Amino acid sequence: MKIAVFASGNGSNFQALVDYFKKNRLSATIEWLFCDQPHAYVLQRAKKAQVPSTCFSPKEFASKTEYEQAILEELANREIDLIVLAGYMRIVGEGLLSIYENKMINIHPSLLPNFPGLHGIRDAFEAGVEETGVTVHYIDRGVDTGPIIRQEKVVIEKEDTLATLEQKIHQIEHQIFPEVIAKIVNMGDVNK
């Protein structure tokens, strides 16, 4: 199975996937990293891991359709089977969904359906809830509304700050995201 990872920032989840794949010798490969931010650290991580990467911004295209068409061409050239969104901060459009429906997985830093969107950790912290967590889910046409694959709870302690909560969330992300992807790889079909 050939996997593409989409990311927009630091790339810690990308790194967790690369490390897990290397350690566990899965019957899949991370073939490509796509990034929409030219100064994102994830590009350095990809270079160090010897994962081919491409970076371009939607601003370089006349429309979202053209932007996604350029991504689709890259995916087709690499014969990608599964897309993994690891901190990709854009809403996936119809162009990608029409080709990769049920073949795109995202990780979100909250217990969906609670706190969807860009600031899941901050929103949960500011809401004063006692627990939040991490959700791995399929991408659909909504924002963080796709079928849930796995969730892990994270307790928000009284002494937690936003920074400590972010650390706890990221630790769980780095653990469960590779496990979920490995399970999908081992099943051999992203739609099982």
Side-chain angles (χ1 to χ4, degrees), residues 3-21 23 30 33-46 48-49 53 55 57-59 64 82-93 96-97 100 102 104-184:
I3 297 173
V5 178
F6 288 20
S8 297
N10 179 35
S12 64
N13 277 309
F14 168 79
Q15 189 66 55
L17 290 168
V18 166
D19 293 346
Y20 188 93
F21 273 56
K23 180 180 177 184
I30 299 174
L33 169 78
F34 174 70
C35 181
D36 62 334
Q37 301 293 325
H39 302 293
Y41 186 66
V42 70
L43 293 165
Q44 298 299 322
R45 291 181 188 271
K48 185 176 179 185
S53 65
C55 181
S57 167
K59 296 175 187 173
K64 185 171 186 169
L82 177 68
I83 298 173
V84 175
L85 306 183
Y88 181 65
M89 304 306 285
R90 300 214 176 265
I91 295 172
V92 174
L96 283 167
L97 281 168
Y100 282 92
N102 299 317
M104 277 192 285
I105 295 170
N106 185 42
I107 189 160
H108 183 76
S110 79
L111 290 177
L112 293 173
N114 298 322
F115 310 110
L118 284 176
H119 305 290
I121 300 172
R122 185 190 71 196
D123 294 346
F125 184 77
E126 290 177 355
V129 296
E130 294 180 2
E131 67 181 16
T132 185
V134 175
T135 303
V136 180
H137 65 97
Y138 285 102
I139 295 293
D140 67 3
R141 284 161 176 78
V143 176
D144 297 324
T145 58
I148 292 171
I149 302 167
R150 182 171 170 187
Q151 290 185 309
E152 289 289 327
K153 292 180 181 177
V154 173
V155 175
I156 302 175
E157 308 286 347
K158 289 181 181 174
E159 62 272 8
D160 272 327
T161 64
L162 181 56
T164 61
L165 180 59
E166 287 174 348
Q167 288 176 334
K168 288 162 64 171
I169 292 286
H170 294 319
Q171 183 178 9
I172 296 297
E173 287 178 340
H174 299 161
Q175 174 194 337
I176 72 167
F177 205 28
E179 291 173 359
V180 168
I181 302 307
K183 185 175 181 182
I184 290 168

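Here, residue 1 is the first one in the sequence, and each next residue gets the next number. Since this is a predicted model, take the numbers as computed values, not measurements.
- Scanning both residues, Ile172 and Glu152, for their nearest heavy atoms gives CG2-CB, 3.6 Å.
- Atom CD1 of residue Ile139 and atom CG of residue Asp144 lie 7.0 Å apart, to the nearest 0.5 angstrom.
- In this structure, Asp160 contributes its side chain and Glu157 its backbone to a donor-acceptor pair below 3.5 Å.
- If you check the side chains of Glu173 and His170, you find a donor sitting under 3.5 Å from an acceptor.
- Counted within 6.0 Å of CD on Glu126, heavy atoms from surrounding residues, nucleotides or ligands total more than 12; the atom is thus considered enclosed.
- At a threshold of 4.5 Å between non-hydrogen side-chain atoms, the residues Val92 and Met104 count as touching.
- Considering only heavy atoms from C-beta on, Ile181 comes within 4.5 Å of Phe21 through its side chain.
- Summarising the geometry, atom CG belonging to Asp36 is positioned 9.5 Å from atom NZ belonging to Lys59; distances are rounded to the nearest 0.5 Å.
- Residues Arg150 and Glu179 have side chains in contact (heavy-atom distance under 4.5 Å, counting atoms from C-beta outward).
- Put simply, the side chain of Gln15 reaches to within 4.5 Å of the side chain of Val18, judged on heavy atoms.
- Contact annotation: the side chain of Val129 approaches that of Phe115 to within less than 4.5 Å [non-hydrogen atoms, C-beta and beyond].
- In terms of heavy atoms, Tyr138 sits closest to Asn102 at CE2-O, 3.6 Å.
- No donor-acceptor pair under 3.5 Å is formed between the side chain of Ser53 and the backbone N or O of Ala46.
- Without hydrogens or angle criteria, His108 side chain to Pro113 main chain gives no donor-acceptor distance under 3.5 Å.
- Taken to the nearest 0.5 Å, the CG atom of Asn13 stands 14.0 Å off from the OH atom of Tyr20.
- Going from atom CD of Glu166 over to atom CD of Gln171 covers 14.0 Å, rounded to the nearest 0.5 Å.
- The backbone N or O of Leu111 lies less than 3.5 Å from no partner atom in the side chain of Lys153, so there is not a single donor-acceptor pair.
- Taking CE of Met89 as the reference point, atom CZ of Phe6 lies at 15.0 Å (rounded to 0.5 Å).
- For the pair Phe34 and Ile83, the minimum side-chain heavy-atom distance is 4.5 Å or more.
- Of the N and O atoms on the side chains of Ser110 and Asn114, not one donor lies less than 3.5 Å from an acceptor on the other residue.
- Put simply, NE2 on His174 and CD1 on Ile107 are 8.0 Å apart, with the number rounded to the nearest 0.5 Å.
- Between the Thr135 side chain and the Leu112 main chain, a donor and an acceptor come within less than 3.5 Å of each other.
- Here the closest heavy-atom approach between residue Leu85 and residue Phe177 is recorded as O-CZ, 3.6 Å.
- In terms of heavy-atom proximity, Val5 sits nearest to Ala86 at CG1-CB, 3.9 Å.
- For the residue pair Ile169 and Gly133, the shortest heavy atom distance occurs at CD1-O, 3.4 Å.
- Between Pro38 and Leu43, the shortest heavy-atom contact is O-CD1, 3.5 Å.
- A donor-acceptor contact shorter than 3.5 Å is absent between the side chain of Arg122 and the backbone of Leu162.
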